[in-house]
Amino acid sequence: MNDLHNGGPVVALVPAAGRGVRLGESMPKAFVAVGGISMVRLAVDGLIASRAVDRVVVMVPAEFVESAVALLPPSDSVRVVIGGAERTDSVRAGIDAAPDASYFLVHDAARALTPPELIARVAAELRAGHRAVVPALPVTDTIKSVDAHGGVTGTPDRAGLRAIQTPQGFAADLLRAAYATDVHATDDAGLVELLGTQVRTIPGDPLAFKITTPLDLLLAHAVLEGMDARTS
Ligand code: C5P
């Protein structure tokens, strides 16, 4: 699978064990179909198509292991394990399932339309020696901090803010060290930052958006339809 052979295996960890309550569907979000194909399958297909990943570990809810195995490509390179209650628990389960990894790409199943080219760019940065690499986009909205009552407490300069996507890439020893601590962060890079490691950003891609709400799902359908119309 992997075009870049120096430096050991790249293992992609795909957290797909979330309940996805905000999407309003009856099944876990990663199993919801976009254009007839489940998000988790689309995400795994994108990782394989990048040709930058040696193996994929997908973390799903315990009762969805069988259906995930049936949905995913039958390959020795793709493995399904049981995720956990929080996203960090799911990622930890994936790390434990890949003790020989040299690099990890942590990639949300919910970013199902991420272009393979972006995945390959993150992996290439890791191979080039950067130990923590995340795709980032400028923010278009003004962002404010608020207190518990919704009162505005500050307006950070938008020019210095970025929205962070996945895949997030890490040297494997660094991600293992980050997960050995018991601190919490909303993304994997946040845990690595707490260790004092510099995280590098590279330009993200709007197609790597996270499918979270019913509106995102509509957008994903429309994007796929647009792509089909262009290729047929
Ligand atoms: O809920 P959110 O959209 O932030 O979840 C991001 C990704 O993390 C999703 O792909 C979701 O399936 C995954 N996740 C997980 N285990 C959890 C919670 C979320 O694998 N306990």
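Every number for a ligand or one of its atoms is a count from 1 in the order of the listing.
Aromatic ring centres of F64 and F31 lie closer together than 6.0 Å.
Remark: D188 engages R87 in a salt bridge, criterion side-chain N to carboxylate O under 4.0 Å.
Between the T201 side chain and the V134 main chain, no donor and acceptor come within less than 3.5 Å of each other. With hydrogens and angles ignored, the 3.5 Å screen pairs no side-chain donor or acceptor of D108 with any backbone N or O of A110. Judged by distance alone, the side chain of Q165 and the main-chain N or O of A136 form no donor-acceptor pair under 3.5 Å.
Atoms of ligand 1 found under 4.0 Å from any heavy atom of A85 (numbered from 1 in listed order, with element): 21 (N). Per-residue contacts place R22 under 4.0 angstrom from the following atoms of ligand 1 (heavy atoms of the residue considered): 1 (O), 2 (P), 3 (O), 4 (O). Of all the atoms in ligand 1, the ones that sit under 4.0 Å from a non-hydrogen atom of K29 are 2 (P), 3 (O).
The protein heavy atom nearest to atom 4 (O) of ligand 1 is K210 NZ, 2.9 Å. In this structure, atom 7 (C) of ligand 1 lies nearest to the protein heavy atom D108 OD1, 3.3 Å. The protein atom (non-hydrogen) at minimum distance from atom 10 (O) of ligand 1 is P15 O, 2.7 Å. Regarding atom 18 (C) of ligand 1, its nearest protein heavy-atom neighbour is G18 CA, 3.5 Å. The protein heavy-atom contact nearest to atom 20 (O) of ligand 1 is A17 N, 2.8 Å.
Considering backbone and side-chain N/O atoms, M59 never comes within less than 3.5 Å of an N/O atom of ligand 1. Residue A16 has at least one nitrogen or oxygen atom sitting less than 3.5 Å from a nitrogen or oxygen atom of ligand 1, judged on distance alone.
Between P9 and D100, the shortest heavy-atom contact is CG-O, 3.6 Å. Across all their heavy atoms, K29 and L23 have their closest contact at CG-CD2, 3.7 Å.
Looking at S90 against ligand 1, only its side chain comes within 4.0 Å, counting heavy atoms.
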Please table the atom pairs, donor to acceptor, closer than 3.5 Å between any side-chain atom in residues 90-99 and protein atoms at least two apart or in another chain.
unit_1	atom_1	unit_2	atom_2	d
S90	OG	G84	N	3.0
R92	NE	Y179	O	3.3
R92	NH2	Y179	O	3.0

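Under the 4.0 angstrom criterion for non-hydrogen atoms, R19 is not in contact with ligand 1.
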